[in-house]
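A quick write-up on the structure given underneath.
In what follows, chains carry the letters A, B, and so on, assigned in the order in which the sequence lines appear, proteins first and then strands, with residues in each chain numbered from 1. Keep in mind that what you see is a predicted model, and the values were worked out from it rather than measured.
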Amino acid sequence: MIKFLIKGLWRDKSRSRLPVIVVAIGVMLTVFLHAYITGFMGDTIEMNASFSHGHIRVMTRAYAENIEQMANDLALIEVNTLLSDLNERYPELTWSPRIRFGGLIDVPDEYGDTRSQGPAMGLGLDFLSGSSKEVERLNIENSLVRGRLIRHQGEALISELFSQKLKIVPGDQVTIIGSCMNGSMIFYNVQISGTVSFGAEAFDRGAILVDIEDARLALDMGDAASELLGFLKTGFFDKEKILKIAEGFNRSVVADEDEYRPVMKGLSEQGSMGQYVVLAEVWSVYISMVFVFAMALVLWNAGLLGGLRRYGEFGVRLAMGEEKKHVYLSLIYEAIFIGIAGTVTGTAFGLLFSWLLQTYGIDISGMMEGSSIMFPSSIRARITPATYYLGFIPGLLSTIAGAMLAGIGIYKRKTSQLFKELEA
Amino acid sequence: MENSSIIQINRLVKSFPAGKGEFTALKGIDLQFKAGEFAGLVGPSGSGKTTLLNIVGSLDTPTKGEAIVLGKSISHLSAREAAHLRKHELGFIFQTYNLLAVHTVYENVEFPLLLLKLSFAQRKKMVMDALEWVGLTDKLNSKPPKLSGGECQRVAVARAMVKKPSLVLADEPTANLDAANSHNILKTMETLNRELNTTFLFATHDEKVIAYLKRKVHLKDGNVDQDEWVKQ
Amino acid sequence: MKKIIVLFLTIAGIGLCGFSTPDANEILKKIDDNLSSDNQIMEAKMIIHGRRTSRTITSRIYAVGNQKSFTEYLSPPREQGTKMLKLENQLWVYSPSTDRVIQISGHMLRQSVMGSDLSYEDMMEDRKLTDTYNAQLIGLDTLDGREIYLIELEAKVPDVAYHGQKIWVDTERFVPLKQELYARGGRLLKQVLLHDVIRVDGRWFPTKMIYKDMLKEGDGTEFHIIDIQFDVDIPEYIFTRAALRR
């Protein structure tokens, strides 16, 4: 009997291949859309991670308590030891030491007197060691407006808007005035190698980027760093994984009363970014659910029509003495079979397209020119565990629900009525 | 069994809701059929013949009165018992053949046997026998859309006969067939009636069918108008 | 020991016997007489007790009146050669590593000097107390075994760093032994303890001061005067911007 049903299912294209294709397309769209939304929302998160939060951030406890003050007197020291320890303990993460500092940029005139001056947000990161991915991570090369990247010690990049305000061009020398780790006022000369524009208001208003070794020299922070940003090697923030790492690390140092002991904070534990992560999660779930619901309606309807179309066949089978329950169950089994086949196919294709978009991305930097919002320069999808199972909701459940609803007719209608539909 | 009553109908009434009131299709019919009969319900459209055939086939239930088929009261059968009756004892032949289009001739005929959970060897023999009765052993692997109307109806007859049921119910079996094919199929059924002693009950207004009947029960407006036995 | 007690009793006795209590503004003037001079050269050591480390910075300071001062940092190596010039209400800093002379102005004046508990503003402010504050005597007390007047100061000019002060003044030497500096809202911003009062050229002068920025963590900054000379000739070229680069 099962063989008979499978033969029927296999041979009747409108009963098998077509519904499988419909389900597969629906599931594929659902899977792809989910990966796309997750990717786009995720990229905004990644951007903030790259610039300031990391996927995870290591700071001293005291620094973390006043994080917005960028207080380098509370910075991490003996960073190299800490780094090798972190690298050993967390092979899934790469670490980037950063120095954040506030200060003034002072531009001299020909006599060395102050010609112009403005408050700056400084960022020291690894440009020159050759082993870091910071330039790539911050997409600095693509953000260059004038000049070139930092190639030597003593060079700096400055935000384009800021350079216009200070009336400086690449090649000019400026003095950074700030305070060092001990609180002393420091003066440090750098040569502007280029200007950058990141499309982020806060950053473009007054940022200066220097190599971390320059920042260390200037701020008397040898073997120190404001913070260590950790990034998952997968390139994507994974909330659960990161929180587990942070919790584990913090538990291991909790006995240490020293306010300068390092603490780890995941991206989602850091102020407004935490709220954004929650918001992004809620939205991606919300949008995905709306789409899942819409696809569910379509597939449910397809299942329903597929069932209704076969009332004649059911009539014959009932006349032959097949029980209603048996007919009904065979309809459900068929729906399960179609649902699974369609969902697996659709998920596979959805994952394939998502993977392509995740790996290669679509460059939208051209479209974003002149935009004042900090958008990722390319659209990328993002495959998460949910991408693998989300398609089953419309693909399997809706198809079955449609078949179940259609099948109710078998019970509701009198057998002789099924015949009338059969004869018609 | 030959002279025992296979169908016993007592004061059978069947009404359907129609608009605000109801329409009474059968108005208190009394009838009896014996095993081995080759009988027909004859009458124009709306006379109640299909309604009566459906009740006898346990596809519908009486509103009032009683229909006892093979000793079982149709009114008192559960859905499951009705299915059991159809599965084991009844065969149906429809005006539109109602073959499963994606299945081969062999598979269509085999279907009722699958429900009886017979072994492959048993099924094969019975299917081949049935196809031989209707002369279609050369079309085993054809599918219905490739067959002519006459061939389709012969497949339908084979399907109805394959399990050797006690009773075959045929509703306008020749309505879509030409004269030659109609005679052909009726001859086959007549032979099967004679050789297997299967009871045939037709619902028809086709003269070609009527000519073959050994008993003609004329229905008119839900009543038995005339119960006519053909002299052998 | 006996001598000290006798001295103390004598002083106390004089006070009790109706030795007239001076007017608060008079006390202020006497403080100014002690601490202000036409010119002075001072060598000082600053020990900054930060949250994590302590550092010592030495400097030489030349001052003329309360309008001009020039500071040169002598150690540690990182600070060596850094110079500061104050002319009236302007402040320039020279940093040898950048070879830049930069004027410190606006909110930067509130920044800490070398990470200490002193701000540039604190260093700039050397107008006489009598010129900037009205004083009121609010009590007599003892502090570390010295009789003191407790006076309360309220700014009479708008451009002072601290709106109010409380000063514990040695009744005999007219040297502040403790100072509390308040913001306009009454919030305590800084506390200064003055110790090791010595007699130099007929003046009483505290040679150790402990500054504590109350808004900053850490254990304060000690300011030791290693050597101080009053009324010496200081060449005029010291107080020029050109001298910063020399």
Side-chain angles (χ1 to χ4, degrees), chain A residues 1-20 306-331 333-335 337-338 341 407-424, chain B residues 14 16 25 50-61 78-104 106-118 120 123 143 145 156 159-160 162-163 165 169 171-172 175-176:
Chain A
M1 186 77 195
I2 290 166
K3 210 168 132 193
F4 177 86
L5 289 173
I6 290 172
K7 269 187 202 162
L9 188 61
W10 184 248
R11 290 179 194 157
D12 188 349
K13 285 178 196 165
S14 62
R15 238 165 92 196
S16 52
R17 255 162 281 182
L18 191 68
V20 167
L308 290 174
R309 205 176 56 80
R310 293 173 58 202
Y311 272 14
E313 177 203 329
F314 298 152
V316 176
R317 284 165 61 182
L318 291 172
M320 298 292 152
E322 197 174 345
E323 280 175 44
K324 281 184 174 178
K325 190 176 148 195
H326 194 269
V327 173
Y328 186 71
L329 285 178
S330 74
L331 181 69
Y333 291 143
E334 278 183 25
F337 180 78
I338 288 165
I408 287 171
I410 297 171
Y411 280 105
K412 281 248 170 124
R413 281 174 168 76
K414 287 206 167 151
T415 313
S416 59
Q417 272 176 293
L418 282 171
F419 271 93
K420 276 187 198 127
E421 280 162 56
L422 171 88
E423 299 283 346
Chain B
K14 179 65 187 177
F16 298 102
T50 296
T51 306
L52 183 54
L53 204 68
N54 279 342
I55 291 172
V56 171
S58 77
L59 297 172
D60 212 338
T61 49
S78 66
R80 195 174 182 164
E81 287 164 337
H84 188 269
L85 176 69
R86 291 195 296 272
K87 183 159 74 181
H88 290 274
E89 307 286 357
L90 305 183
F92 287 88
I93 298 166
F94 309 98
Q95 179 181 343
T96 49
Y97 332 132
N98 289 318
L99 300 176
L100 303 172
V102 294
H103 292 276
T104 62
Y106 182 93
E107 286 161 353
N108 266 286
V109 177
E110 186 191 24
F111 181 73
L113 304 179
L114 290 171
L115 295 172
L116 293 172
K117 297 194 168 74
L118 298 177
F120 175 76
R123 294 200 308 265
K143 285 179 191 163
R159 182 175 65 180
V162 69
K163 64 192 174 192
L169 302 170
D171 193 0
E172 306 280 14
N176 292 329

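To the nearest 0.5 angstrom, B/His103 atom NE2 is 7.5 Å from A/Leu5 atom CG. Here NZ of A/Lys324 is found 14.0 Å from CZ of B/Arg80. Values are rounded to the nearest 0.5 Å.
Closest approach of A/Met320 to B/Leu115, counting heavy atoms only: O-CD1, 3.5 Å. Minimum interatomic distance between B/Phe94 and A/Ala319 (heavy atoms only, all atoms of both residues): CZ-CB, 3.9 Å. B/Glu107 approaches A/Phe4 most closely through the heavy-atom pair O-CE1, 3.8 Å.
B/Arg86 places a side-chain N or O within donor-acceptor distance of the main-chain N or O of A/Leu318, the cut-off being under 3.5 Å.
Under the 4.5 Å side-chain criterion, counting only non-hydrogen atoms from C-beta, B/Leu100 is not in contact with A/Lys7.
Other residues, nucleotides and ligands contribute only 12 or fewer heavy atoms inside 6.0 Å of the NE2 atom of B/His84.
The contact between B/Lys163 and chain A is made entirely by side chain atoms (from C-beta outward), counting heavy-atom distances below 4.5 Å.
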